[in-house]
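Heads up, the thing below is written out as structure tokens.
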Amino acid sequence: MGKEITSREQDYSQWYNDIILKSGLADYSAVRGCMVIKPYGYALWENMRDVLDKMFKETGHVNAYFPLFVPKSLFEAEEKNAEGFAKECAVVTHYRLKSDPERPGKLMVDPEAKLEEELVVRPTSEAIIWNTYKGWIQSYRDLPLLINQWANVVRWEMRTRLFLRTAEFLWQEGHTAHATKDEAVAEAEQMLHVYASFAEDWMAMPVVKGIKSPNERFAGAEETYCIEALMQDGKALQAGTSHFLGQNFAKAFDVKFSDKQNKLDYVWATSWGVSTRLIGALVMAHSDDDGLVLPPKLAPIQVVIVPIFKGEEQKALIDEKVKGIVKSLKAAGIKVKYDDNENSRPGWKFAEYEMKGVPVRIAIGARDLENNVVEVARRDTKEKSSYSLDGLPEAVIALLEEIQQNIYAKANTYRAEHITPADTWEEFNELLDKKGGFIAAHWDGTGDTEEKIKELSKATIRCIPINNQLEAGKCILTGNPSAQRVLFARAY
RNA sequence: CGGGAGGUAGUUCAGCCCGGUUAGAAUACCUGGUUUGGGACCAGGGGGUCGCUGGUUCGAAUCCAGUCCUCCCGACCA
């Protein structure tokens, strides 16, 4: 007997937790709302990070690092942004502990070490960064400023879930400054496309590109672009956001530049980010009741080789053969692991690597040696077939590519089947309750109506798709005229 | 932050209501042997501050209070 996971049908939330804990992605910690990312999960994050980092560099960005702490006076400078985050900020008020005279061996906060000004633990870094940019930007020649940072942030969430919402998480945040509005808007849009292609080409996760309604917009932004993904339980998940910040932060932090005519103006800004939440999205996009299913292009282990043998003699022969296979696969750029641990049997390993979502498993035994073949099993469909050792690396590369495409196609079909139009309020609610997914419905464009729909149905406007088809209609709730359908869903 | 559930061996859990030998099981782990094409079997063995703190009691895993962590539901979530 081994590790069992709860089925999706039985309890979707528990299934999600089981997958993460039992595949070794992450663990709970002694700190409320904070998790430990375990080596296997961190390896996955590193792969995602490396790909994204390369994409950022290719679009002209450079990395830097800004402080974890933000003085309260800076934090509150951009009022809307500060207000938006105020309720979930961790705040440092003291800088020293001392021995507790009443409890030997224990410590207490030293009341004499109170900070003159509190430090906010960054929930996002606009404040500290714009305060810094002020000193870096004088002329149009200093623009554009295209900086990204990989960092941790803290948001004191009331209810947390592994990867999807934790009090501390890892992310990247890009912060750019531009001379013109058009250029800043183009930057925000460009990064949206970068995120979308990462999600689709690497995570094999189809996304809808769109803009947020004013209610869902980032605090302090003029426009928020987003990619929205659909999970297997029919709920939507915001997978990345990119913001056009206008001149809001430039004004709040007094960041001005001289243009070619020597006229002073505030700079235009963007910010954009994706986080370890993407791992939660990845889990829910492809996995099944046997465990994780990882896209080959991001999997920490792409191929695992399991030997099947009777006795040391056979084992030695297989070891020898596998040595060559591993070498040829590695030479072909494949991340391969040979699990010759003799303490667990093949069946146990099969189940274990399925749990961990390894895309391809190769089993090799005495019978295979005689026939110059191996048994190749793919994680996505569970199909097994016999592959010749001749040309194995090429065949494996092709199979990995096929798996990547197959899981994308599967997710894409699911999504296509779960974008449903609704024209009446009854239909809208029935779809939400019975089918889930995105519901394309007319909305009169007001925040009040959006709020009311949310209250009544628990569904929010996920986005207004970019290049949305215009179509005159009536608001699903109020019947007021509407120019286009927007996507609603219940969301994470 | 509100409601509910939970925390006992690495893991899953029993024991708790009704306090009383040395706190159990399965699984995992260690040793030896037999095994190995889907989570092996036999024999032997090691492993526990019963989440933490305090209280009640001759005696607490068990009763009481506080506290920490987790899960589920809700509120909240740029």
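Below, chains carry the letters A, B, ... as their sequence lines are ordered, and counting in each starts from 1.
In summary, A/D233 and A/R8 do not engage in a salt bridge, as defined by a charged side-chain N under 4.0 Å from a carboxylate O.
A/Y492 carries A/K235 over the face of its six-membered ring, with the cationic atom under 6.0 Å from the centre and within 45° of the normal.
A/T59 places a side-chain N or O within 3.5 Å of a backbone atom of A/M55 that can act as its donor or acceptor partner.
Residue A/K87 places at least one side-chain N or O closer than 4.0 Å to OP1 or OP2 of B/rC77. Residue A/R345 has a polar side-chain atom (N or O) positioned under 4.0 Å from OP1 or OP2 of B/rA40. For B/rC29, the OP1/OP2 oxygens have no side-chain nitrogen or oxygen of A/N343 closer than 4.0 Å. Between A/K458 and B/rA75, a side-chain N or O to OP1/OP2 separation shorter than 4.0 Å is present. For the OP1/OP2 pair of B/rC73 and a distance below 4.0 Å, the side-chain nitrogens and oxygens of A/R159 include at least one atom meeting the criterion. A/Y28 has a side-chain polar atom (N or O) that falls below the 4.0 Å cut-off from OP1 or OP2 of B/rC71.
Only the P atoms considered, B/rG54 is 14 Å distant from B/rU62, to the nearest whole Å. For B/rA26 and B/rG15, the C1' atoms lie 15 Å apart once the distance is rounded to whole Å. A distance of about 25 Å separates the C1' atoms of B/rC17 and B/rU53, rounded to the whole Å. Between the C1' atoms of B/rG55 and B/rA43, the separation comes to 48 Å (whole Å). Rounded to a whole angstrom, the distance from the P atom of B/rG37 to that of B/rU11 is 29 Å. Distance check on atom P: B/rC16 versus B/rU36 gives 45 Å, rounded to whole Å. Distance check on atom P: B/rU56 versus B/rA61 gives 16 Å, rounded to whole Å. Comparing the same atom, C1', in B/rU31 and in B/rG24 gives a spacing of 24 Å after rounding to whole Å.
For B/rA26, the paired nucleotide is B/rU11, the pair qualifying as Watson-Crick or G-U wobble because both relevant distances are below 3.5 Å. Figure legend. B/rC17 is base-paired to no nucleotide; pairs are counted as Watson-Crick or G-U wobble with both atom distances under 3.5 Å. B/rU31: Watson-Crick or G-U partner is B/rA43, with both key distances under 3.5 Å. When Watson-Crick and G-U wobble pairs are counted only if both distances are under 3.5 Å, B/rC71 pairs with B/rG4. In this structure, B/rC52 and B/rG66 make a Watson-Crick or G-U wobble pair, each of the two defining distances being under 3.5 angstrom.
Residue contacts shown for A/A351 include a base, since a base heavy atom lies under 4.0 Å away. Among the heavy atoms of the strands, none lies under 4.0 Å from A/G273. A/A366 comes within contact range of at least one nucleobase, with a heavy-atom separation under 4.0 Å.
Each of B/rG37, B/rC77, B/rC71 was ranked by its minimum atom distance to the side chain of A/Q14; first place goes to B/rC71. With B/rG37, B/rC71, B/rG38 as the candidates, the nucleotide lying closest to the side chain of A/F350 is B/rG38. Comparing B/rC72, B/rU70, B/rG37 by their closest approach to the side chain of A/R161 singles out B/rC72. Set against B/rU36, B/rG37, B/rU70, the side chain of A/F309 has B/rU36 as its closest nucleotide. Checked against B/rC69, B/rC77, B/rU36, the side chain of A/E88 finds its nearest nucleotide in B/rC77. The side chain of A/R367 has B/rG37 as its nearest neighbour among B/rG39, B/rC73, B/rG37. Among the nucleotides B/rG39, B/rA75, B/rG38, the one closest to any side-chain atom of A/M355 is B/rG39.
For the pair A/N341 CG and B/rU36 P, the computed distance is 17 Å after rounding to whole Å. In this structure, A/L369 places its CG atom 16 Å from P of B/rG37, rounding to the nearest Å. One interatomic measurement links the two molecules: CH2 of A/W348 to P of B/rU27, which rounds to 16 Å at whole-angstrom precision. Distance NZ (A/K454) to C1' (B/rC76): 9 Å, rounded to an integer number of Å. Distance NZ (A/K235) to C1' (B/rC77): 13 Å, rounded to an integer number of Å. Rounded to whole angstrom, the span from the CD atom of A/E157 across to the P atom of B/rC77 amounts to 10 Å. In this structure, A/I20 atom CD1 and B/rC71 atom C1' are separated by 14 Å, rounded to whole Å. Rounded to an integer number of Å, the gap from A/L164 CG to B/rC77 C1' is 13 Å.
Note that CD of A/E183 is 10.5 Å distant from CD of A/Q190, once rounded to the nearest 0.5 Å.
Between the base of B/rC77 and the side chain of A/R165 there is a donor-acceptor pair shorter than 3.5 Å. Put simply, the side chain of A/K310 and the base of B/rG37 share no donor and acceptor less than 3.5 Å apart. Taking 3.5 Å as the limit, the base of B/rG38 and the side chain of A/E354 contain a donor-acceptor pair of atoms between them.
Classification of the A/F66-A/Y133 ring pair by plane angle, with boundaries at 30° and 60°, yields perpendicular. Taking the six-membered ring where tryptophan is involved, the planes of A/H61 and A/W272 are perpendicular, since the angle between them exceeds 60° and thus also 30°. The aromatic rings of A/F428 and A/W425 lie parallel to each other, with less than 30° between the two planes, well short of the 60° mark.
Nearest-nucleotide positions on RNA chain B for A/Y492 and A/N17 put A/N17 closer to the 5' end. Along RNA chain B, the nucleotide nearest A/G220 and the nucleotide nearest A/L162 are compared for position; the residue whose nucleotide lies closer to the 5' end is A/L162.
Looking at every heavy atom in both residues, A/M205 comes nearest to A/A239 through CE-CB, 4.1 Å.
Residues A/W45 and A/F163 keep their aromatic ring centres 6.0 Å or farther apart.
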